[in-house]
2 protein chains.
Amino acid sequence: MENDGDFDLTDFLPYLLNQAAEEASLAFQQVYRERYGMLRTEWRVLFHLGRYGPMTAAEIGARARIHKTKISRAVAALESRRFLTRARLEADRRQEELRLTVAGQRAFEDLRGLASAHNDRLRAGFSERDWQGLTRSLRHLARMDR
Amino acid sequence: MENDGDFDLTDFLPYLLNQAAEEASLAFQQVYRERYGMLRTEWRVLFHLGRYGPMTAAEIGARARIHKTKISRAVAALESRRFLTRARLEADRRQEELRLTVAGQRAFEDLRGLASAHNDRLRAGFSERDWQGLTRSLRHLARMDR
DNA sequence: TATTGTTATACTCTATAACTATA
DNA sequence: TATAGTTATAGAGTATAACAATA
């Protein structure tokens, strides 16, 4: 057909998404790394426990779409920093309830505030209408609207 | 202040961008990996040489925002597969002009068509208006509109 | 037999410093 | 001294298989 001869990388959505994600993530990555020495998955797990309360690893995985092996390592790291505790569930002793400690709660609240502020800075570059359109489109792409 | 108590991960742009990028990239990643055994940077370098013609590593880096060490490795991989050749520039013998071979051109045209088709599939999930808004917003975030 | 979570392993991606050869 | 490109190394992200404990 030869009708995509002028197709450019900057028209290619996966490339655009990747570049935008890198640029938008950079500043906040420094925050959870330098303030708490956390990795991305650790911050996400901490966030889920702080935002939604105690739950099992499988529940975090279902909510945040993180594979169980990543969660297992993140939980071990957060536990070693005394940011969470585990409690075997009597109903099914394969599962553990994960719960933030007071220190974990404090870290969560600190990071949630910083994340929210970072989000606001990004948002400031858009009109309210464009921001709503952008987040809606991204949720659609990420299949988070189903 | 405590006014971000309902701030959610799915409101956090870096998270949304990352999830959308992963989802949107997955299918096409299989293509250049399984058909040509390429990595992401190799595909991007091949694309730039195919799309814009022969140029030096530094020029690719400036256009595509790829660090010189990544380009160096991608060029070595593409050369070993006979997808490109190098020619020292007489004007400045530190630089090399990189040029796709016929096989490299063929791979580029094949992948460009497949990328364009993949892009069209993603685009099909949006109205023309929403797609234009999305790509414009992403270029803004990636600072590609300057 | 199936499920929850862990461990091992490998590959990909990113970042930085140190190096070479040329200028 | 500075620049184009290379090499070495480490850290971070991702993916999969195999495993132990429990159901």
Side-chain angles (χ1 to χ4, degrees), chain A residues 14-15 17-19 21-34 36-45 55-80 84-98, chain B residues 14-15 17-19 21-30 32-34 36-45 54-80 84-98:
Chain A
Y15 177 76
L17 285 165
N18 186 71
Q19 296 289 107
E22 244 180 61
E23 188 69 30
S25 301
L26 201 65
F28 187 65
Q29 207 170 89
Q30 309 301 329
V31 173
Y32 59 71
R33 284 185 55 164
E34 287 172 17
Y36 297 98
M38 283 186 200
L39 302 182
R40 182 196 283 174
T41 308
E42 294 164 27
W43 141 247
R44 287 183 182 170
V45 166
M55 63 180 87
T56 66
E59 286 173 302
I60 296 174
R63 276 185 178 277
R65 306 188 175 204
I66 308 174
H67 193 268
K68 61 180 183 174
T69 59
K70 294 184 193 175
I71 295 177
S72 175
R73 288 192 173 80
V75 165
L78 290 169
E79 185 186 33
S80 81
L84 63 77
T85 56
R86 315 181 192 226
R88 286 259 167 237
L89 292 184
E90 285 311 314
D92 182 341
R93 297 184 42 76
R94 290 172 302 187
Q95 300 180 60
E96 293 174 320
E97 188 191 60
L98 306 169
Chain B
Y15 176 76
L17 284 166
N18 186 72
Q19 296 289 108
E22 245 180 61
E23 188 69 30
S25 301
L26 200 65
F28 187 65
Q29 209 172 89
Q30 309 302 327
Y32 59 71
R33 286 186 53 165
E34 288 172 16
Y36 296 98
M38 283 184 197
L39 302 182
R40 184 196 284 174
T41 308
E42 295 164 26
W43 141 248
R44 287 183 182 171
V45 167
M55 64 180 88
T56 67
E59 286 174 301
I60 296 175
R63 277 184 177 277
R65 307 189 175 203
I66 308 175
H67 192 269
K68 61 179 183 175
T69 60
K70 294 184 195 176
I71 294 177
S72 175
R73 288 194 173 78
V75 165
L78 290 169
E79 184 187 33
S80 82
L84 64 76
T85 56
R86 314 180 192 228
R88 286 258 168 237
L89 291 185
E90 284 312 313
D92 183 341
R93 296 182 45 75
R94 290 172 302 186
Q95 300 181 60
E96 293 173 320
E97 188 191 61
L98 306 169

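To find a chain, count down the sequence lines: A is the first, B the second, and so on, and within it residues start at 1.
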| request: Please name all residues satisfying side-chain hydrogen bond (donor to acceptor under 3.5 Å, both in side chains) with B:Q29, sequence neighbours left out, ordered by chain then number. | output: none

| note | By side-chain contact (heavy atoms from CB on, under 4.5 Å), B:E59 pairs with (sequence neighbours left out) B:M55, B:T56

| request: Can you sort out the partners of B:R88 under side-chain contact (heavy atoms from CB on, under 4.5 Å), two or more places apart, ordered by chain and number? | output: B:R93, B:E96

| Nearest-Å distance, CH2 (B:W43) to C1' (C:dC13)? | 18 Å

| query | Expressed in angstrom and rounded to an integer, what is the separation of B:R33 atom CZ from C:dC13 atom C1'? | reply | 12 Å

| request: To the nearest Å, give me how far apart CD (B:E42) and C1' (C:dC11) are. | output: 13 Å

| Rounded distance in Å - CD1 (A:I66) to P (D:dT16) | 17 Å

| message | Return a single string for nucleotides 15-23 of chain C, one symbol per nucleotide in 5' to 3' order, where B is base contact, S is sugar-phosphate-only contact and - is none, cutoff 4.0 angstrom on heavy atoms. | response | -BB---BBS

| Test item: B:Y36 and B:W43 side chains (from C-beta on) under 4.5 Å apart, heavy atoms | no

| request: Tell me, please, which residues at least two apart from B:R94 pass salt bridge (Lys or Arg N to Asp or Glu O under 4.0 Å). | output: B:D92

| request: Report the distance from atom CZ of B:R40 to atom P of D:dA15, rounded to the nearest whole Å. | output: 11 Å

| note | A:Q19 atom CD is separated from C:dT14 atom P, nearest whole Å, by 9 Å

| query | So which nucleotide from D:dT6, C:dT7, C:dC13 ends up closest to the side chain of A:S72? | reply | C:dT7

| query | For A:R86 and C:dG5, what is the distance between atoms CZ and P respectively, to the nearest whole Å? | reply | 10 Å

| remark: Rounded to whole Å, CD of A:E79 lies from P of C:dG5 at a distance of 13 Å

Just distance, no hydrogens or angles: give the donor-acceptor pairs under 3.5 Å from side chains in residues 68-78 of chain A, sequence neighbours left out.
| unit_1 | atom_1 | unit_2 | atom_2 | d |
| --- | --- | --- | --- | --- |
| A:T69 | OG1 | A:H67 | ND1 | 3.0 |

